[in-house]
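Letters go in sequence order (proteins before strands), and every chain restarts at 1.
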2 protein chains.
Amino acid sequence: MKTRIKAFFDSLQPLPDTEWKAFESCFERMTFQKEEELLSEGRACDFIGFIESGVIRFFQVKDGTEKVTAFWFSGDFLSNYRSFLSGQASDHYIQALTDGSYYRLKREALLKLYDQFPLIDRLGRLMAERLYLMVTNRLDNLLSQTPEERYMQLQSKNSKLLQEIPQYMVASYLGISPESLSRIRKRLSTR
Amino acid sequence: MKTRIKAFFDSLQPLPDTEWKAFESCFERMTFQKEEELLSEGRACDFIGFIESGVIRFFQVKDGTEKVTAFWFSGDFLSNYRSFLSGQASDHYIQALTDGSYYRLKREALLKLYDQFPLIDRLGRLMAERLYLMVTNRLDNLLSQTPEERYMQLQSKNSKLLQEIPQYMVASYLGISPESLSRIRKRLSTR
DNA sequence: GTGATTTCTTAACCAAAGTCAATCACCCGA
DNA sequence: TCGGGTGATTGACTTTGGTTAAGAAATCAC
């Protein structure tokens, strides 16, 4: 499996050979095409994954308009983890913005691994904890910053995102209308 | 330990006697007084806890004004879990709004338990997963609802909160100014 | 390359919430 | 009981972002 993904898990909890082999062998490599839906609203998400290549967005449809919750790139965690954990139907879509590929681990296989290997159970704890940190970061960000501040932060920390993603999707991710983002950009450029 | 708190952990992962005894014995009962700070900004949070009685708020100071992130009541989980996990200084205060008590488990003790008992490690995973679900709920709520909708939801789902907490703190929790909340209330009452 | 579609920008107008300031209502303690 | 303090409300005004509509720019398909 891709070294990047191994690095992710190693940073959480290095696994001895036996565990790693068992763990790794449960991943399947999947490919996707631009526009493809990896998960539809209404279905429970029964996998987690890690992107090898390509760009993916995580969004929901609210009152007829699309609200983007996240963009994912190579190396990123890929799942509706909430639906994955709760078993409830997803309120989000997962959709490819480009062609690409990812490594998929099905829920059932992961639960078996948790039961078989305490160290993988611990890895699961550390993964949940890491994801908790990520989502609280985003929450904090939304609570404490204005759209303009969020855009500036995106520019400085994640400029790759701005280059690869249409602006109206970025606007949605920032929680504003495309027109507002356009205004913000204009405001910033004339300073 | 309080039955409510046992019920919380039982709902995640029932523990056999040995594990439960070891787990329970690591909790300490703590009391607090109105206004007391259970955690100050700048310190790492080195415990998790569960409230036995009383009301607590979780807030940060941003540009000189207090922003309330959460209110906690009897039975609720109590920690800056983010700081607890990352070891980084807390950007939030934890402060008592009333007199009360809670059961505290120190980080060091929990980490030892994780190492000693795989089942408690699993309990930790399920706890992290549960907390993940709670924070994504809040995130969704903030992203997809207007302040007015959030207030109405609070009324229907958490009216206890509205009775026990000063309005200006509720406003802060909703992400608006006290004046705006006052106007929203007026708007709603004349419908 | 050309036409069509999609994306981005701009403008005018509107609604919601913020700010500032004044006032009201209530509680509590001396 | 009176006065002070806290919290809630109201009003005037400002700011910000949403909406609608139009047009410009970029991209795509043939």
Side-chain angles (χ1 to χ4, degrees), chain A residues 33-36 55 57 59-69 71 95-99 141-155 159-191, chain B residues 33-35 55 57 59-68 71 95-99 141-155 159-191:
Chain A
Q33 295 191 312
K34 188 171 175 172
E35 312 268 280
E36 187 177 333
V55 182
R57 70 169 172 155
F59 72 100
Q60 68 189 127
V61 177
K62 190 93 189 171
D63 305 324
T65 59
E66 299 176 351
K67 306 252 182 187
V68 178
T69 302
F71 299 104
Q95 188 196 35
L97 294 180
T98 65
D99 293 356
N141 189 287
L142 278 165
L143 274 177
S144 65
Q145 293 187 281
T146 64
E148 185 165 325
E149 287 168 334
R150 292 203 287 280
Y151 179 73
M152 287 190 296
Q153 187 175 319
L154 212 56
Q155 274 190 320
S159 58
K160 178 181 64 168
L161 194 154
L162 295 177
Q163 285 147 31
E164 298 190 39
I165 311 270
Q167 244 172 67
Y168 71 94
M169 288 190 193
V170 174
S172 169
Y173 174 73
L174 293 171
I176 57 178
S177 68
E179 293 90 339
S180 285
L181 178 54
S182 189
R183 276 191 287 236
I184 286 171
R185 282 160 52 78
K186 191 178 183 183
R187 224 159 43 215
L188 292 178
S189 71
T190 59
R191 266 190 207 155
Chain B
Q33 296 191 311
K34 189 172 174 170
E35 312 266 283
V55 182
R57 70 169 173 154
F59 72 99
Q60 69 189 128
V61 177
K62 189 93 189 173
D63 303 324
T65 60
E66 298 177 351
K67 305 252 183 186
V68 178
F71 299 105
Q95 187 196 36
L97 295 180
T98 65
D99 292 356
N141 188 287
L142 278 166
L143 275 177
S144 65
Q145 293 186 280
T146 63
E148 185 166 323
E149 288 167 334
R150 292 204 289 279
Y151 179 72
M152 288 192 294
Q153 186 176 319
L154 212 56
Q155 273 189 321
S159 57
K160 178 181 66 169
L161 194 154
L162 295 179
Q163 286 147 30
E164 298 190 39
I165 312 267
Q167 240 172 70
Y168 72 92
M169 287 190 193
V170 174
S172 169
Y173 175 71
L174 293 171
I176 57 179
S177 68
E179 293 93 332
S180 286
L181 178 53
S182 186
R183 279 183 208 120
I184 286 172
R185 283 159 52 80
K186 191 179 183 184
R187 221 152 55 209
L188 292 178
S189 71
T190 59
R191 267 191 207 155

- Query: Counting heavy atoms not belonging to Q33(A), are there more than 12 under 6.0 Å from its CD?
  - Reply: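 No, CD of Q33(A) has 12 or fewer neighbouring heavy atoms, counting only those of other groups under 6.0 Å.
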- Query: What string of B, S and - do you get for nucleotides 17-29 of chain C 5' to 3' if you count protein non-hydrogen atoms under 4.0 Å?
  - Reply: SBBBB--------
- Task: Go through the steps to decide whether R57(A) and Q95(A) satisfy the test side chain to side chain donor-acceptor pair (under 3.5 Å), and finish with yes or no.
- Result: CA-CA 5 Å; R57(A) 70 169 172 155; Q95(A) 188 196 35; 2.9 Å; yes
Spacing of [X] atom [atom1] and [Y] atom [atom2] [to the nearest 0.5 Å]:
| X | Y | atom1 | atom2 | result |
| --- | --- | --- | --- | --- |
| I184(B) | K186(B) | CD1 | NZ | 13.5 Å |
| L181(B) | R150(B) | CG | CZ | 11.0 Å |
| E149(B) | M152(B) | CD | CE | 5.5 Å |

- Worked check of side chain to side chain contact (heavy atoms under 4.5 Å, CB included) between M169(A) and L97(A): CA-CA 11 Å; M169(A) 288 190 193; L97(A) 294 180; 3.8 Å; yes
- Item | Test side chain to side chain donor-acceptor pair (under 3.5 Å) applied to E66(B) and Q60(B), step by step | CA-CA 6 Å; E66(B) 298 177 351; Q60(B) 69 189 128; over 6 Å; no
- Message: Does R185(B) form a side chain to side chain donor-acceptor pair (under 3.5 Å) with Y151(B)? I'd like the steps, not just the answer.
- Response: CA-CA 9 Å; R185(B) 283 159 52 80; Y151(B) 179 72; 3.1 Å; yes
Tell me: [atom1] of [X] to [atom2] of [N], nearest whole Å?
| X | N | atom1 | atom2 | value |
| --- | --- | --- | --- | --- |
| D63(A) | dG18(D) | CG | P | 14 Å |
| K34(B) | dT6(D) | NZ | P | 13 Å |
| L188(A) | dC8(C) | CG | P | 17 Å |
| R150(A) | dT16(D) | CZ | P | 14 Å |

- Given side chains that start at C-beta, do those of T65(B) and K67(B) come closer than 4.5 Å, heavy atoms only?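 The answer is yes; the side chains approach within 4.5 Å.
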- Query: So, is K186(A) near the phosphate of dA11(C), with a side-chain N or O under 4.0 Å from OP1 or OP2?
  - Reply: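 Yes.
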- Pull out every residue in residues 163-172 of chain B that has a heavy atom closer than 4.0 Å to any atom of DNA chain D, ordered by number, or say none.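 Going residue by residue through residues 163-172 of chain B, the ones with a heavy atom under 4.0 Å of DNA chain D turn out to be P166(B), Q167(B), Y168(B).
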- Message: Roughly what angle, to 10°, lies between the helix axis at the start of the helix from dG1(C)-dC30(D) to dA30(C)-dT1(D) and the one at its end, five pairs per end?
- Response: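 Overall, the helix from dG1(C)-dC30(D) to dA30(C)-dT1(D) bends by 40° from one end axis to the other.
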